[in-house]
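Per chain, numbering begins at 1; letters A, B, ... match sequence-line order.
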Amino acid sequence: MPRYQPSRIEPKWQAWWDAHGTFATSRLPAAGRRKAYVLDMFPYPSGDGLHVGHPEGYTATDIVVRFERMRGTSVMHPMGFDAFGLPAEEHAIRTGTPPRESTDRNISTFRRQLKMLGFSYDWSREIATTDPEYVRWTQWIFLVLFDTWFDPAERRGRPIADLPIPTEVAARGPAAVGSYRDAHRLAYQSEAPVNWCPALGTVLANEEVVGGVSERGGHPVVRIPLRQWMLRITAYADRLEQDLDGLSWPESIKKLQRDWIGRSTGAELDFFLPAAGDDAAAGHVAWTRRRAETGFPAEASADVLRVYTTRPDTLWGATFMLVAPEHPLVERLTIPERRAAVAAYRETAAQKSDLDRTDLAREKTGEFTGSHAINPLTGQPVPVWVADYVLATYGTGAIMAVPAHDERDFEFAATFGLRIATVVEPADGSAAAVGPFTGRGRAVGSGPYDGLETAACIERVTADLTAAGLGRPAVNYKLRDWLFSRQRFWGEPFPILHEVDAEDRLTGSIEAVADAELPVPLPPLTDFRPGNTPDPPLARAARDWLYVERDGRRYRRETNTMPQWAGSCWYYLRFLDPRNADRFVDPAVEQAWMPVDLYVGGAEHAVLHLLYSRFWHKVLYDRGHVSQPEPFDRLVNQGMILGEMEFTGYRAGGGGWVPADRRGDADAPVRLPAEQVEKRGEHFVLRDMPQVRVESRAYKMSKSRGNVVNPDQVVKDFGADSLRLYEMFMGPLEATKPWSTAGVGGVRGFLDRCWRLVVDERAEEVALAPQVVDDAPNDALLRELHRMVDKVTRDIQSLSFNTAIARMMEFVNVCTPLDRRPRTLLEPFVTVLAPFAPHLAEELWELLGKPAPVSLAPWPTVEERWLRDDTVEIPVQVQGKLRGRIVVPAGADATALQAAAAADPKIAELLAGRTIAKVVAVPGRTVNFVLANPGAGP
RNA sequence: GCCGGAGUGGCGGAAUGGCAGACGCGGCGGACUCAAAAUCCGUUGCCCGCAAGGGCGUGUGGGUUCAAGUCCCACCUCCGGCACCA
């Protein structure tokens, strides 16, 4: 009767842990103890509830913290919810339910599901980014950004009050000083083009626009400029890149971040633009002379075209110039005859989103402005074109085109028949291939620079131009400032006030909301629908929310809201001190627990979330609010869990089968049960028609595919411990792996065997199995136990849970046949099982008569002497092929090994009559006889 | 196109350059049972062989090494990401 029943013991122990506060964490780590802050990426509480992907990372971290607690470490392991976001808002628009209601409901579901899985979070620290008290501090941190400017000399953020004000600005009065400061803040406003979709009445993210129309609905999207809040993350680009070096993150993730930041070095150069009608050559000479005196100006004047290049060495090959359609000098550069064509081109470009421009532009397009610029080194005039492959937002928005040594410029030159001049040759003198040579080599056709190797040439040209005031070394980043505002309802309101005059018109002056007035709450709204204009929903709030008076002045609240990233940028700090009403986190608490020692989550956050939170953290660090420059010391990405493996056959219109490798778009896929297919060679085929190849693969879980596995169902069918253990047993944590319900059953079988190891299943009442005895275990069993504990210990530390579980299975396989099972063998086993299957372990621990909870029992110590062998089995090879095995004392040296191997009858036979050329004997590993005359033989 | 990652039995996977396939699923055989389920035990890479034994095997082709799943070169396939950043 008393079978292993997860549905009985799991809720029992969850309630016990809750009632006893087993996993509550103290304010500070215990004195003299190691601390471990182990953090999961908190979930967005979607309406669909928990997905089986969530428990993967959560179980991994749960095992680690349970293990660490048992080893006496002070553990911080919190959980919360990233609860702002679009789905709740869209649900609100569809159903009229306020987002807060549906969000709270979803959080309850998530909390129930997480508790059902027995994770050892300190639930008293739970936070949601939507909690008004949390929003308060998110807004407060925004105000820190607002109050900070980046001092390039010190390479750090400083209070805006410390910003030196140039005298000419100060002379223009407080308003001028105010706007000068506003322009230098880390949080600043700018007119940025956005994807506005009039049909949907909303602004869309770049990813939501495909081919110039909205991803959903296929409505046209236009690019319109809109006032936006930006965060000056680019100021921190260098530090964000350099500080990656010290982090224990996967190299691949670091590389993604480095590529995203995209640091490049090169030079900025000015090309002189002769005024229309002037003598170009004379003008250039005069300009050059002036520059020799004034040097390179910080801002480019209107008589030059400033470009950025990473290859100043190719300057002699710059045969034309390109400017972005949005470049401020386009109007000025365009001669009257070209005006219509250039205007039309700019118009078309403006319609396209960034994605369009890059995605669809196979063919290079552009228009000639009619103007020329003067090459600063050669003095030659080169034509200036407008082309949309030049991005206004990168570098200076203009480039010198070197078609001989750049793919894109080459294509452009080929399309429009522009001159191509070779100025670099491969250093090894190899024949010029078709197309541009983009590699490094030696300069040719470059006057005084001929023969210089590329690196040296870059240096020389840059130095010469710098000396002449025509250029300067420059660094650029792909990283852009962070567009931080959304025209949405369900986000944090900005704590910013815009001054208005008596007619409600903005004066342009802005004020931060005072700390004491935070949080700025979301106004009550009944209608969440977007409007006909890009005005955010908050603009429709009642006037008593929208307009406020301070010190006799009237203000209108900022009506944009923050993006979902905001809340997740700092949640790891709030977890440390979640109920602090005076500060976002107590400094003593922050110093004691930070940094996060292990951070586990999906790779989809490799770039944005991790970059954004590092940025915020550095600002907080610069301003003295946190003690560490980096928040996450060790990062691990768990892999995706795919749906169950699927076999798909294809049927033609007529109904006949089509081999999967020859199918056309018209052939219909048919899902096949596993019994109907079999493997032939490399591929799967239909069992009844082996000539028909069938597709076999696992797909990403999705509602539309109908292959989503629901954790509630798995827990119902197999139990939470089985789900936890299965997800850890599937394979390496980082790998993408397909789900297999049969595999869950297999792991459940293991837990059943664990149960029977201790419990008498045939008894009426729950009772110990009669085999459980007080005997002392024999040496063989002690050896087995200590090796198992040793392997599990090491595997948990390297997050190799699959092999740890395999080792425990082997241990159980050894113990199951025993008629006498010593308690001193079973007890340590239950202890190491506890982090993996905590409910079962608690129950078995109790049955063994030990005081609960096993969750806080000490981790067993491994005795070294049980890990050593007296004798070892060594494979013996002849000519590299395995021919026998010998058993030798564990410490046997090479000579002894060789002697023992040669003495083996079988080996002796093989060696008879052969000349041994060489013997490789590696103690503890192998013996290999290499023969001089392998072919010769009887 | 570029950048990552991965290709090992029927399936998931294991293997500090040193016995490939641990562990689990599935399959096969057996014990228990009137029978079945459950459980326990054995077996299970492929080929030849009655057996002893032998041969072949980690995506493909080369290479380094006494020895390669593991290191190097070239390529193929799949998955993920980025995509005109001058």
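Rounded to whole Å, the separation between the P atoms of B:G17 and B:G7 comes to 16 Å. When the C1' atom is used for both B:C46 and B:U8, the distance is 14 Å, rounded to whole Å. Nucleotides B:A14 and B:G21 have their C1' atoms positioned 7 Å apart, rounded to a whole Å. Using C1' as the reference atom, B:G61 and B:G12 are 30 Å apart when rounded to the nearest Å. To the nearest whole angstrom, the two C1' atoms, one in B:C19 and one in B:C75, are 32 Å apart. B:C82 and B:A38 have their P atoms separated by 48 Å, with the value rounded to a whole Å. On the C1' atoms, B:G59 is 15 Å away from B:G9, given to the nearest whole Å. As rounded to the nearest Å, B:G57 and B:C47 have P atoms that lie 15 Å from one another.
Side-chain contact annotation: A:Asn476 with A:Ser264, donor-acceptor N/O pair under 3.5 Å absent. Checked by atom type, the side-chain pair A:Arg753/A:Thr816 shows no donor-acceptor distance below 3.5 Å.
Taking only side-chain nitrogens and oxygens, A:Arg756 comes nearer than 4.0 Å to OP1 or OP2 of B:C40. OP1 or OP2 of B:G24 has at least one side-chain nitrogen or oxygen of A:Asn813 nearer than 4.0 Å. Residue A:Arg807 places none of its side-chain N or O atoms closer than 4.0 Å to OP1 or OP2 of B:C23. A sub-4.0 Å separation between OP1 or OP2 of B:A86 and a side-chain N or O of A:Tyr389 is absent.
With a cut-off of 3.5 Å on both Watson-Crick or G-U wobble distances, the partner of B:C75 is given as B:G59. Pair assignment for B:C2: B:G81, on the basis of Watson-Crick or G-U wobble contacts that are both within less than 3.5 Å. Under the Watson-Crick and G-U wobble criteria, each requiring two contacts below 3.5 Å, nucleotide B:C40 is paired to B:G30.
Here the nucleotide nearest the side chain of A:Thr816, chosen from B:A86, B:C40, B:C82, is B:C40. Distance from the side chain of A:Phe729 is smallest to B:G12 among B:C82, B:G12, B:A86. Of the listed nucleotides (B:C23, B:C3, B:C79), B:C3 has the atom at the smallest distance from the side chain of A:Asp259. Minimum atom distance to the side chain of A:Ala806 is reached by B:C23, of the listed B:G18, B:C41, B:C23. Proximity note for A:Leu391 (side chain, C-beta onward) versus B:A20, B:G4, B:A86: the nearest is B:A86. Ranking B:C19, B:C41, B:A22 by closeness to the A:Arg885 side chain, first place goes to B:C19. With B:C41, B:G13, B:G81 as the candidates, the nucleotide lying closest to the side chain of A:Asn802 is B:G13. When each of B:G4, B:A15, B:G13 is scored by its nearest atom to the side-chain atoms of A:Lys737, the top-ranked nucleotide is B:G13.
Residue pairs meeting the ring pair (Phe, Tyr, Trp, His ring centres under 6.0 Å) criterion with at least one partner in residues 252-271 of chain A, sequence neighbours excluded, do not occur; the list is empty.
A:Gly262 comes within 4.0 angstrom of nothing in the nucleic acid, heavy atoms only.
A cation-pi geometry, defined here as NZ or CZ lying under 6.0 Å from the six-membered ring centre and within 45° of its normal, does not hold between A:Arg748 and A:Phe718.
Ring centroid separation for the pair A:Phe320 and A:Phe416 does not come in under the 6.0 Å cut-off.
Regarding A:Ile253, its CD1 atom lies at a distance of 12 Å from the P atom of B:C82, rounded to whole Å. Atoms CG (A:Asp752) and C1' (B:G24) sit 14 Å apart, rounded to a whole Å. For the pair A:Glu695 CD and B:U77 C1', the interatomic distance rounds to 13 Å; values are reported in whole Å. Atom CZ of A:Phe271 is separated from atom C1' of B:A86 by 12 Å (rounded to the nearest Å). Straight-line distance from the CG atom of A:Leu751 to the C1' atom of B:A38: 17 Å, rounded to whole Å.
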Residue pair A:Lys906, A:Val876: steps toward the side chain to side chain contact (heavy atoms under 4.5 Å, CB included) verdict: CA-CA 10 Å; A:Lys906 199 168 143 205; A:Val876 180; over 6 Å; no

Decide side chain to side chain contact (heavy atoms under 4.5 Å, CB included) for A:Asp717 and A:Thr741; before the verdict, give the C-alpha distance in whole Å, the side-chain angles of both, and the deciding distance to 0.1 Å. CA-CA 10 Å; A:Asp717 295 344; A:Thr741 300; over 6 Å; no

Per-nucleotide protein contact string for nucleotides 51-68 of chain B, where B marks a base within reach and S marks sugar-phosphate only (heavy atoms under 4.0 Å, - for neither): ---SSS---------BS-

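Side chain A:Lys364 to base B:C84: a donor-acceptor pair is found below 3.5 Å.
Syn is the conformation of B:G9, whose glycosidic angle sits no further than 90° from 0.
Each of A:Pro817 and A:Gly397 lies near RNA chain B, and the nucleotide nearest A:Pro817 is the one positioned closer to the 5' end.
For the pair A:Asn637 (side chain) and A:Gly601 (backbone), a donor-acceptor distance under 3.5 Å is present.
Across A:Gln638, A:Lys737, A:Arg724, a single residue satisfies side-chain hydrogen bond (donor to acceptor under 3.5 Å, both in side chains) together with A:Glu56, and that is A:Lys737.
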